[in-house]
Enquirer: 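Structure below; questions to follow.
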Amino acid sequence: MRFVIIGPGALGCLFAATLGSDPRHEVWLLDHDRQRADLLTWQGILLTDAENRERRSPIRATADAGTIPGCDCILLCVKSHQVPTALDAADPLFRAAPLTITLQNGITHLETIGARLPAQVWAAGVTAQGATLLGPGRVRHGGSGPTRIGFMKQPVSYAAATQLQRIAAALTLAGITTEVAADIRQHVWRKLLINVGINALTAIHDCANGGLLSSPAALLRMRRAVSEGAAVAAGLGITLAEDPVALAMDVCAATASNISSMLQDVRNRRATEIDAINGAVVKAGHRLRLAVPENEALTSEIKALESNFSDDYP
Ligand code: PAF
């Protein structure tokens, strides 16, 4: 199969390296930065595993979407706030692709994509894969977890449903265990509430995920922020299978040494995904007339940190 991955960040590089190591696939990577695209084509993607072994996967990287031939699937791996720019940069590619899968933290990108690609087949994805970008095209794989993909808009054609199953099978065979989920909205909210409870607080406390568990003040804020998010989810008719506060704490323990994506952004002085995470809970809460003071406070505190940064995309 031919895959196009958009965005050379940690997740994009992890997917590119994994699919690129399977000789049955051709992997293209679209990067807005021409110099880095040239470097990635020359160097490939270097993936360091949990045992510190490094492996190189070949890819074809380009800054010009027009040079990419037709593909079987686009994996959109840019950050949430970069989705509109990526859609503009590769418009003809998105229109011609039989399937786009979008993998961001948060929820705001889903509205954007639904509005921008009304006639295209696209699916949302959430992943528990841990990845940290070490440098251009160099990624550390911190740990594996399931990836779930599914259509937000139902029903879909038989051809689209079959294509999604084929992509899930291809990802799984390449090494990223992937399931097709009938209820992807529920998985998106489950992941959103994990990020609501962890990401901003790790950035504010400047600590790894596990550090939140030893701070009573951080745990209190986590409980409040996630409970507000769960009330918003309930207001939208989304049923959560587990206690979301307990889940956020379990994820903190399971990923104790991880530096969250938001703390990585803050340390690298890059724009964060705050609007797509706690900010999205605030927006949805206001629409439903629900009180969301903890999410408002977390959003303002991260925006205060961000106010001095410039956004260097990946
Ligand atoms: O954004 C992140 O960093 C991750 O989604 C998570 C689960 C919080 C682990 O660090």
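Just so you know, ligand 1 is whichever comes first in the structure, and atom 1 is the first atom listed for that ligand.
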Enquirer: Indicate whether the side chain of Gln129 and that of His141 have a donor and an acceptor atom separated by less than 3.5 Å.
Expert: yes

Enquirer: Between ligand 1 and Ser260, is the shortest N or O to N or O distance under 3.5 Å?
Expert: no

Enquirer: Does Glu273 have a heavy atom less than 4.0 Å from any atom of ligand 1?
Expert: no

Enquirer: Does Asp88 pair with Arg116 as a salt bridge, N-O distance under 4.0 Å?
Expert: yes

Enquirer: Is it the side chain (CB and beyond), the backbone, both or neither of Met262 that lies under 4.0 Å from ligand 1, heavy atoms counted?
Expert: neither

Enquirer: Can you tell me which residue and heavy atom of the protein come closest to atom 8 (C) of ligand 1, and the distance to 0.1 Å?
Expert: Asn199 OD1, 3.2 Å

Enquirer: Between Thr102 and Gln104, do the side chains contain a donor N or O and an acceptor N or O under 3.5 Å apart?
Expert: yes

Enquirer: Sequence neighbours excluded, which residues qualify as salt bridge (Lys or Arg N to Asp or Glu O under 4.0 Å) partners of Arg53?
Expert: Asp49, Glu51

Enquirer: As an exercise, identify every atom of ligand 1 less than 4.0 angstrom from a heavy atom of Lys191.
Expert: 5 (O)

Enquirer: What residue and atom, counting heavy atoms only, is the protein's closest point to atom 3 (O) of ligand 1, and at what distance?
Expert: Ser261 N, 2.8 Å

Enquirer: What I want to check is whether the side chains of Asn52 and Arg140 have a donor and an acceptor closer together than 3.5 Å.
Expert: yes

Enquirer: Using a distance-only test with no angle check, is there a side-chain donor-acceptor pair under 3.5 angstrom linking Gln186 and Thr239?
Expert: no

Enquirer: Any idea which of Asn209, Asn195, Val126, Val251 brings a heavy atom closest to atom 5 (O) of ligand 1?
Expert: Asn195

